[in-house]
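What follows is a short report on a single structure.
Bear in mind the structure is a predicted one, so any value in this text is a computation, not a measurement. Every heavy atom of this structure was used, including side-chain atoms; hydrogens, water molecules and symmetry mates were not.
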Amino acid sequence: MKSRHLVMMSLGSAIGTGLFVGTGAGVAAAGPAVLLSFIVASTLVILVMRMLGEMAAANPNSGAFSVYAEKAMGRTAGSTVGWLWWIQLVVVVAAEATAAAAILNSMWPVLPQWALALVFIAGFTAINLFGVSKFGEMEFWFAILKVAAIVVFLAVGTALLLGLLPTADSPGLGNLYEHGGFMPNGLSGIAAGLLVVIFAFGGTEIVTVAAAETEDPERNVGKAIRTVLWRILVFYIGSVIIMITVLPWNSEELGASPFVAVLTFAGLPGMQTAMGVVIAIALLSALNANLYGASRMIYSLSQRGRASAGLSKLSSKGVPRAAVLASVGFGFAAVVLNYLWPETVLNILLNAVGSTILVIWGSSIVSQIILRRRADRDPNAHLPLKMWAFPYLSYAALAILAGIVALALFDPAARTQLLATTALTVVIALVCWMRARRSGADHLVKESA
């Protein structure tokens, strides 16, 4: 994978349906004060990505945070994190294929929704089987399209606020403090908005998985991680400022589809169709990246003896084909199940993995703290990219994450997801622990023989 692939992936990984659609739910919960929710969530993401960058630059590995958790906290922890992330991704792949198919089918009902979903999964499976260069090139162009869409939105929104558009009058700044004030739902609204916003950033961590297959990982990982700060400030914070300034926070249109609502207010025709295509592209980009990430994670688990040995075999192009097919197999099955029981199966699966990102980030923070302390004691350790102000900012990230978990426990919907994810994590950990004990026992038997 070339440097430009990793850098554009780092730009595009955070631009998904969480930004295009989920932002509306955050605005509805917090009002204009959702900006504060985004600032808190952005701070956490920036800190976590810097910590992951430190570990990935020092040890680029397809297992990424699973490998780092294993080095820091032991085999069971590493295996649990790896399997949990893999399960999350294969479920999300099915959800993304289904959602993209639903959007495009609503605009152009040429094929049934389930048929489109199967076409998408089959197509991106083929791309991933062709080699990492093909995957990287596809993500490169997907990222360019998504970034271009955000840039156009920011340009139109800024021109609208400055009164430079002939098609609409500037709304001024009234929407920031009218309609109940800047914090219409108080601190509880900001907390509810934060729970919505934090999940919009899921996917950024996949850059550390891809680092293992890029040219000169030590330099390119640092380059990609350094873009996190400005891309979040520009794309997320900038977009949210325009949304809450252009339209009243309690606007139904803003809650349903914020980007379409702003561009429609600007008087630009055909925006609903255009943004529908952009959102579908964002979903397909995430499908492509998540299939790649899932295959590399289970490949790494196999290499470390945490999954079937056959999953670590490589093709002549260096592609773990069995790992790709194993990862996409569940996606095919989930799409079929979703076709048979559309209101049940996928919703249950997504609910179970809804809070997985909190576990992954939490394990990454703890791993970085442990591994960095070891590195600081080792005179031969080399850290090409270091975490800022260690250990203070690392502990600050842990405190922010703990606060988000505490808030989730007071929100009924978030609490259900958190408990479901906790149960799933415990089950995986128990299975991994028993497997580790059995492997240890087998090893002792072989030695005694």
Side-chain angles (χ1 to χ4, degrees), residues 15-45 149-201 232-272 274-276 278-279 403-404 407-408 410-415:
I15 304 174
T17 50
L19 174 59
F20 288 117
V21 180
T23 306
V27 172
V34 74
L35 184 61
L36 301 179
S37 302
F38 266 96
I39 289 173
V40 173
S42 298
T43 300
L44 176 61
V45 173
I150 299 296
V151 170
V152 169
F153 175 80
L154 293 173
V156 171
T158 302
L160 175 60
L161 292 174
L162 295 176
L164 302 178
L165 289 184
T167 53
D169 296 328
S170 172
L173 301 177
N175 287 323
L176 293 175
Y177 52 84
E178 296 172 355
H179 314 288
F182 182 72
M183 295 172 55
N185 296 323
L187 291 175
S188 61
I190 296 175
L194 178 59
L195 295 175
V196 174
V197 168
I198 196 69
F199 299 113
F201 288 106
I232 287 178
L233 291 176
V234 173
F235 295 147
Y236 272 84
I237 304 299
S239 296
V240 171
I241 290 173
I242 287 175
M243 291 173 193
I244 60 178
T245 306
V246 169
L247 291 170
W249 69 272
N250 51 5
S251 163
E252 290 185 10
E253 295 81 5
L254 190 63
S257 186
F259 281 80
V260 173
V262 171
L263 294 173
T264 301
F265 180 86
L268 300 179
M271 281 300 105
Q272 188 164 0
M275 286 309 301
V278 169
I279 292 170
I404 292 171
L407 289 174
F410 290 97
D411 181 86
R415 182 170 61 246

task = May I ask you to check whether over 12 heavy atoms, not counting those of Leu187, lie within 6.0 Å of atom CG?
result = no
Quick check: closest heavy atoms across [X] and [Y], and the distance to 0.1 Å?
X      : Y      : answer
Met183 : Ala33  : CG-CB, 3.6 Å
Met243 : Phe153 : CG-CZ, 4.1 Å
Ile244 : Pro32  : CD1-O, 3.4 Å
Ser239 : Ile150 : OG-CG2, 4.0 Å
Ala191 : Leu407 : CB-CD2, 3.7 Å
Pro269 : Gly267 : CD-O, 3.5 Å

Taking C-beta and beyond as the side chain, do [X] and [Y] meet within less than 4.5 Å on heavy atoms?
X      : Y      : result
Ile404 : Leu44  : yes
Trp249 : Asn185 : yes
Leu162 : Ser170 : no
Phe38  : Thr23  : yes

Nearest 0.5 Å, what's the [atom1]-[atom2] distance between [X] and [Y]?
X      : Y      : atom1 : atom2 : result
Leu165 : Leu268 : CG    : CG    : 6.5 Å
Ile39  : Leu35  : CD1   : CG    : 4.5 Å
Phe259 : Leu254 : CZ    : CG    : 10.5 Å
Leu164 : Thr158 : CG    : OG1   : 9.5 Å
Glu252 : Leu247 : CD    : CG    : 12.5 Å

CA sep, side-chain torsions, deciding dist, call: Thr264, Glu253, side chain to side chain contact (heavy atoms under 4.5 Å, CB included) = CA-CA 10 Å; Thr264 301; Glu253 295 81 5; over 6 Å; no
query = After noting the C-alpha distance and the side-chain angles of Val196 and Val34, does the key distance pass the side chain to side chain contact (heavy atoms under 4.5 Å, CB included) rule?
reply = CA-CA 10 Å; Val196 174; Val34 74; over 6 Å; no
Given Asn175, Val240, Leu176, Val262, the one that forms side chain to side chain contact (heavy atoms under 4.5 Å, CB included) with Thr245 = Leu176
message = Please evaluate residues Phe182 and Leu36 with respect to the criterion side chain to side chain contact (heavy atoms under 4.5 Å, CB included), reporting the C-alpha separation (whole Å), side-chain torsions for both, the decisive distance (0.1 Å), and the verdict.
response = CA-CA 10 Å; Phe182 182 72; Leu36 301 179; 4.1 Å; yes
